[in-house]
Structures are given as structure tokens and as C-alpha cells.
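Beneath this line is the structure, given in C-alpha cells, with notes to follow.
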2 protein chains.
Amino acid sequence: MDYKKTANLFKALADENRLQIMEILKDGEKCACKLLEALQISQPTLSHHMKILCDAELVSGRKEGKWMYYSLSKAGIKNAKTYLKELKISEGK
Amino acid sequence: MDYKKTANLFKALADENRLQIMEILKDGEKCACKLLEALQISQPTLSHHMKILCDAELVSGRKEGKWMYYSLSKAGIKNAKTYLKELKISEGK
DNA sequence: ACAACATATTGACAGATTTCAATATATCAA
DNA sequence: TTGATATATTGAAATCTGTCAATATGTTGT
């Protein structure tokens, strides 16, 4: 198991603003400008958070003209689910 | 949804040493001294990590004489699973 | 009570993370 | 091409986190 990669994945989920972004994206693809409206953070800060979420494959981005559209990505979410699924509680002594 | 609590939960999983601890505990309850042997960290650092894992309810501790036994706890793991499960990818526009 | 041991707490430091202002890059419209 | 707009990057400051040495607390055996 790759501890570094897994830690990075959970790090991406370990921030209140990023959780709120994920929450908004549950509703479907959104433009960066919409996310900026919803959060009380500056534009560079949003851009930084989006990079972290994209790097973790929790979110994917699509550029259309001068706009960036973001949506949830299955890959990262699946990785996290898989990790948790493997946390079986054994009765080993 | 409680962003702070959820962020804390994922923060607890966002560290390589703590992931390794979880990995070891998958095998069943372990004494703190065993964890200390397995990890390349000092005793106070281990104690600090265990507190974070316990606070997130990912691990529970049991004191027996002068020893502490730790094991995986269902509550935190379930909370994380539930969060991920709710990350449904909708087609809403 | 005292010594030995296991774990927890405190205090300090280094490195990581979040944040914003300033600036850069890219796209569109006139 | 120029100006306006959307997003990304850079650089710096404040805060948070992981770490260890030193010390405290709690337990067991003598």
C-alpha cells in the first residue's frame, strides 16, 4: 500500500472549504466562478484548492473558453472507498 | 453536514504514520508498545497520533494495567464510508 | 515506600498548509 | 490590437502539524 498517495488523498478531503466544494459539486458540474460565489475565499485560494482536489482525482476540470468547469471524479472517490473497505476489523489476537 | 467534524475525520487519515498504524491494527488489537516497535517514531509522537485516531473514533483504546491496547473502531470508519457513499455523482446541470 | 516500566503531557522547533495581494496567462469582444 | 474578463501562478505572512527531549502520571513488583 502506498501510504504517501493515500495520505495525500485524505489530505485533500481534510479541509472545510474543500469539503464544501465537494458538496456543491454533488449537484453536478459547476463553473469555478459559481464556486467562488459560494465560498468566502479569494480567487487564488479557490484555484489552489481546485488543484489539490484535481491532483487527488477527487475532481476533474474541463476548460471551456475562459471558464473552468469542475465536477466530481470517480477515481479518487473510489480509491478512498476501497481503502476504507479494506479496513476490515479482524478478531486476530 | 458538519464540515469541521468531517475535516477532522479525514485529517486523522491524512498522515503516513497513522495510516501505517491503521494497517497494523487491521490484524487485530495491539499494545502501544508493539506499535512503537513497528514505527520509526518516538513514544510521545506515537501517543500523539493515537490521541488523534481515538478522537476521530477511528481507533479505540483499552487500558490494562500499565499497557494500552488499541484496535480499530467501527464508528469513525463508518462515518468516513457514509460520507463517501453520499458523494453520488449526479447529472444535474 | 521505592525502583522500574509504560504511557501521557508539555514545551519548543521545523516544516507544511492556508490564505491573500500582486501579477501572469489565456480567451473573448469590439 | 486593445480592453475586459476568468483563471493560474508567485511570493509572503500567519497558522497548523509532526516531531522530539524532558518531564509527569500511573502501575507493578520488591
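To find a chain, count down the sequence lines: A is the first, B the second, and so on, and within it residues start at 1.
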Y83(B): what forms a ring pair (Phe, Tyr, Trp, His ring centres under 6.0 Å) with it, not counting sequence neighbours? F10(B)
Could you tell me which residues satisfy side chain to side chain donor-acceptor pair (under 3.5 Å) with T45(A), sequence neighbours excluded, listed by chain and number? S42(A)
For nucleotides 26-30 of chain D, list the nitrogen or oxygen atoms of the protein found under 3.5 Å from its nitrogen or oxygen atoms, one pair per line.
residue : atom : partner : partner atom : Å
dG26(D) : O3'  : K63(B)  : NZ           : 3.4

For H48(B), which residues count as a side chain to side chain donor-acceptor pair (under 3.5 Å) partner, sequence neighbours excluded? none
Any non-hydrogen side-chain atom of L58(B) less than 4.5 Å from a side-chain atom of N79(B)? no
Could you work out, with side chain to side chain donor-acceptor pair (under 3.5 Å) as the rule, every residue matching D55(B), not counting sequence neighbours? K51(B)
Axis-to-axis angle between the two ends of the helix from dA1(C)-dT30(D) to dA30(C)-dT1(D) (five base pairs per end, rounded to 10 degrees): 30°
Contacting residues from residues 33-59 of chain B, given that a heavy atom lies under 4.0 angstrom of DNA chain C: C33(B), Q43(B), P44(B), S47(B)
Report which part of the nucleic acid Y70(A) touches: base, sugar-phosphate, or nothing (heavy-atom distance under 4.0 Å, all strands). sugar-phosphate
Measuring only between side-chain heavy atoms, which start at C-beta, is S60(A) closer than 4.5 Å to C54(A)? no
T82(B): partners by side chain to side chain donor-acceptor pair (under 3.5 Å), with sequence neighbours left out: none
Checking E64(A) now: which residues fulfil salt bridge (charged side-chain N to carboxylate O under 4.0 Å, His left out) with it, not counting sequence neighbours? R62(A)
Determine whether Y70(A) and C31(A) make a side-chain contact, defined as any pair of heavy atoms from C-beta on separated by less than 4.5 Å. no
Within residues 9-21 of chain B: residues closer than 4.0 Å to DNA chain C (heavy atoms): none
Does any non-hydrogen side-chain atom of Q43(B) lie less than 4.5 Å from one of S47(B)? yes
Taking salt bridge (charged side-chain N to carboxylate O under 4.0 Å, His left out) as the definition, give me every residue that meets it alongside K5(B), ordered by chain and number, with sequence neighbours left out. none
Keeping to residues at least two apart or across chains, list the salt bridge (Lys or Arg N to Asp or Glu O under 4.0 Å) pairs with something in residues 11-23 of chain A. E23(A)-K26(A)
